[in-house]
Amino acid sequence: MNPSLTSSSSLSSSSSSSPSWFSGIVRGGRSSSLKMSSNSAVAVAVAADTAGPVIRKNQFRGVLFKYGPNPIQVAFKTGEFKRQVIFIGGLTDGFLATQYLEPLAIALDLENWSLVQFLMSSSYSGYGTSSLQQDAKELDQLINYLINKEDSEGVALLGHSTGCQDIVNYMRTNYACSRAVRAAIFQAPVSDREYQATLPHTASMIDLAAKMISEGRGLELMPREADPSAPITAYRYHSLCSYNGDDDMFSSDLSDDQLRMRLGHMSNTHCQIMQSDGRSREGRNRIWKSLPV
């Protein structure tokens, strides 16, 4: 469903003299940027020599565990620290979803934070038959596991693409474990609706999805041409593709009031936006102002 996105805001080395690139978000809350240590290149070599989280390219060292009763509910954690950054991927994502996870794991290890990647019902091709609500439930189960089984002292949520919608929705639920969230990072927040609007079949498929929902068939599957990548229910298609759908949080044509309604509850959470290519400057700046960055 998402266009192909490659972050132009990838975690790269910086000239900053402070080695604590991550602490500004979870402590200060209004850090102007999220950067790795200036010694990040050295950190890669050091980590390799001292049993760090990354052995070599595409090879992580850590613990694989189940965090919930469903077969898909598996997570992978690097490091044995009491604080965790939870990576929440976008549509079709699973383990090792982005290239920056390797340098991120190394940098977090130097800051005494673990990186957690996890699978949920919407991972890989499961997004079409899941929902933001289901994602929130499973994210809460993961955080509950980290608190009760790993003695977690707090987590930070890092969303990529549609994973950003998951963060916004989760923080709206008021689940008990959401109080453990110390910060939220939005990397490449994307409008699935605006992308889908560029495809010729979308308008007719939205009409079909709306009709199916009105007839009580929202959990039934759409025709294959609606999304050739994965089976998708009428509800999920409508959520992703229609104006004011449940997933419609970062579109550039939303009014300031609409953005406040969708994002205003995040004012109690330290937030950081890391923008990728593909959004107008005006839309980017308006979303930026809607979050307590």
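Only heavy atoms go into these numbers, but all of them, side chains included; no hydrogens, no water, no symmetry mates. Just so it is clear, the structure is predicted and the values come from calculations on it, not from any experiment.
- A search for salt bridge (charged side-chain N to carboxylate O under 4.0 Å, His left out) contacts involving D166 returns nothing, not counting sequence neighbours.
- By the side chain to side chain contact (heavy atoms under 4.5 Å, CB included) test, T129 pairs with L221, T233, sequence neighbours left out.
- With F87 as reference, T98 is the one residue of T98, I185, L157 to meet the side chain to side chain contact (heavy atoms under 4.5 Å, CB included) rule.
- With no hydrogens or angles considered, a side-chain donor-acceptor pair links Y235 and D246 at under 3.5 Å.
- Remark: K82 engages D151, E153 in a side chain to side chain contact (heavy atoms under 4.5 Å, CB included) (not counting sequence neighbours).
- In terms of the side chain to side chain donor-acceptor pair (under 3.5 Å) criterion, T78 has no residue partners (sequence neighbours excluded).
- Here the rule is side chain to side chain contact (heavy atoms under 4.5 Å, CB included) with I167, and of M266, M249, R172 only M266 fits it.
- A donor-acceptor pair shorter than 3.5 Å cannot be found between the side chains of S122 and Q134.
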List the atom pairs, donor and acceptor, that lie under 3.5 Å between side-chain atoms in residues 140-147 and the rest of the protein, sequence neighbours left out.
| unit_1 | atom_1 | unit_2 | atom_2 | d |
| --- | --- | --- | --- | --- |
| D140 | OD1 | Y170 | OH | 2.6 |
| Q141 | OE1 | Q73 | NE2 | 2.6 |
| N144 | OD1 | N148 | ND2 | 2.8 |

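- For the residue pair Q196 / R193, no side-chain donor-acceptor distance below 3.5 Å is found, with atom types taken as modelled.
- A donor and an acceptor atom, one from each side chain of S191 and S251, are located under 3.5 Å apart.
- Y67 is linked by a ring-ring contact (aromatic ring centres under 6.0 Å, His included) to F118, counting only residues two or more places apart in sequence or in another chain.
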